[in-house]
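Heads up: the structure comes next, in structure tokens.
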Amino acid sequence: MSNEKIILGIDPGTTIMGFGLIKVTGKKMEFLQLNELNLKKYSDHYLKLKLIFERTIELIDTHHPDEIAIEAPFFGKNVQSMLKLGRAQGVAMAAGLSREIPITEYAPKKIKMAITGSGNASKEQVAKMLQSLLGLKTLPKNLDSMDGLAAAVCHFYNQGRIEIGKSYSGWGAFVKQNEDRVKK
């Protein structure tokens, strides 16, 4: 049995989807990649969802992650924004579930807390801490990719803990843990 695994972290969004990959060997993590899918130029919401799904599948097929950590939607005042964000998260999750990769959701505050020690840290504080932890030479212009990387690192830090958020190993597990969402 190998003690090596790859974690894909995703910060879902319909404007920009950020993602980062780390390799974990034992208790050591190593930076692999971070990037973003920029969807600003597309006006069709359904096309954006299709592109999020396809990019997530491409990442999975290229890097073969063992686990996916995804930032859960935060509850804001704009219902339409929350709905769009939830859909973006859903199609990214569907891509992972279609490849039978376990997925764990983390609240934004939990991710910030895991990286910086403060659930109220700014995007910049999270990015600087990740830069220091992983030895990154420079930071990207947009920090959405760092948010995806932060989800992966949060997942690494929460390994072996009993309560790490909602975790799904496949469609059956998702439905069972979310029976309140199932239309009867």
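All values reported here derive from a predicted model rather than from experimental measurement.
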Problem set entry | D66 side chain to I6 backbone, donor-acceptor under 3.5 Å | yes

Exercise. For N120, which of Q125, M113, K109 qualifies under side chain to side chain contact (heavy atoms under 4.5 Å, CB included)?
Worked result: K109

Problem set entry | Gap between atom CG of L37 and atom OG of S145 - 0.5 Å precision | 12.0 Å

Exercise. For L136, which residues count as a side chain to side chain contact (heavy atoms under 4.5 Å, CB included) partner, sequence neighbours excluded?
Worked result: F31, L34, Q131, L134, M146, L149

For this session: Mind checking side chain to side chain contact (heavy atoms under 4.5 Å, CB included) for A152 and listing every partner two or more places apart, or none if nothing turns up?
Result: I7, I22

Problem set entry | Minimum-distance pair of heavy atoms, taken over all atoms of V126 and A150 | CG1-CB, 3.8 Å

Exercise. With A92, which residues qualify under side chain to side chain contact (heavy atoms under 4.5 Å, CB included), at least two apart?
Worked result: I10, I52, T56, I70

Exercise. Going by the salt bridge (charged side-chain N to carboxylate O under 4.0 Å, His left out) test, which pairs reach into residues 119-131, not counting sequence neighbours?
Worked result: K123-D144, K123-D147

For this session: Sequence neighbours left out, what pairs pass salt bridge (charged side-chain N to carboxylate O under 4.0 Å, His left out) with at least one residue falling in residues 30-52?
Result: K50-E54

Problem set entry | Beyond-backbone contact of P102 with I68, side-chain heavy atoms, under 4.5 angstrom | no

Seminar exercise, completed: The reported gap from NZ in K110 to OH in Y157 (rounded to nearest 0.5 angstrom) is 14.0 Å

For this session: Could you please spell out the steps behind the side-chain contact (heavy atoms from CB on, under 4.5 Å) verdict for H155 and Y106?
Result: CA-CA 8 Å; H155 187 65; Y106 292 96; 2.6 Å; yes

Problem set entry | Atom pair CD (E4) and OG1 (T25), whose distance is rounded to the nearest 0.5 Å | 4.0 Å

Exercise. Going by heavy atoms in the side chains, are E67 and L8 under 4.5 Å from each other?
Worked result: no

Exercise. What about L83 and L39, same hydrophobic cluster or not, with Ile/Leu/Val/Met/Phe/Trp/Tyr joined at side-chain heavy-atom distances under 4.5 Å?
Worked result: no

Exercise. Can you name the salt bridge (Lys or Arg N to Asp or Glu O under 4.0 Å) partners of D11, sequence neighbours left out?
Worked result: none

Problem set entry | Residue pair Q89, E71: steps toward the side-chain hydrogen bond (donor to acceptor under 3.5 Å, both in side chains) verdict | CA-CA 8 Å; Q89 182 199 34; E71 186 172 312; over 6 Å; no

Problem set entry | Heavy-atom closest pair, residues F53 and S98 | CZ-OG, 4.4 Å

Seminar exercise, completed: Value for CD (Q33) from CZ (F19), rounded to nearest 0.5 Å, stands at 5.5 Å

For this session: Report yes or no: do L133 and L143 belong to one cluster of Ile/Leu/Val/Met/Phe/Trp/Tyr joined by side chain heavy-atom distances under 4.5 Å?
Result: yes

For this session: Could you walk me through whether N142 and I16 pass side-chain contact (heavy atoms from CB on, under 4.5 Å), step by step?
Result: CA-CA 9 Å; N142 279 332; I16 296 175; 3.6 Å; yes

Exercise. Which residues pass the side chain to side chain donor-acceptor pair (under 3.5 Å) test with T15, sequence neighbours left out?
Worked result: none

Exercise. What distance separates R55 CZ from I60 CD1, expressed to the nearest 0.5 Å?
Worked result: 11.0 Å

Exercise. With sequence neighbours left out, what residues match H64 under side chain to side chain donor-acceptor pair (under 3.5 Å)?
Worked result: none

For this session: Calculate, to the nearest 0.5 Å, the distance between atoms CE and OG1 belonging to M93 and T104 respectively.
Result: 9.0 Å

Problem set entry | Donor-acceptor under 3.5 Å (T62 side chain, L59 main chain) | no

Exercise. Looking at L85 and G13, what are the two nearest heavy atoms and their distance?
Worked result: CD1-CA, 3.9 Å

For this session: Given side-chain contact (heavy atoms from CB on, under 4.5 Å), test Q159 with V24 step by step and report yes or no.
Result: CA-CA 11 Å; Q159 289 180 65; V24 175; 4.1 Å; yes

Problem set entry | Those residues that, when tested against H45, pass side chain to side chain contact (heavy atoms under 4.5 Å, CB included) (two or more places apart) | T14, L49, K84, R87

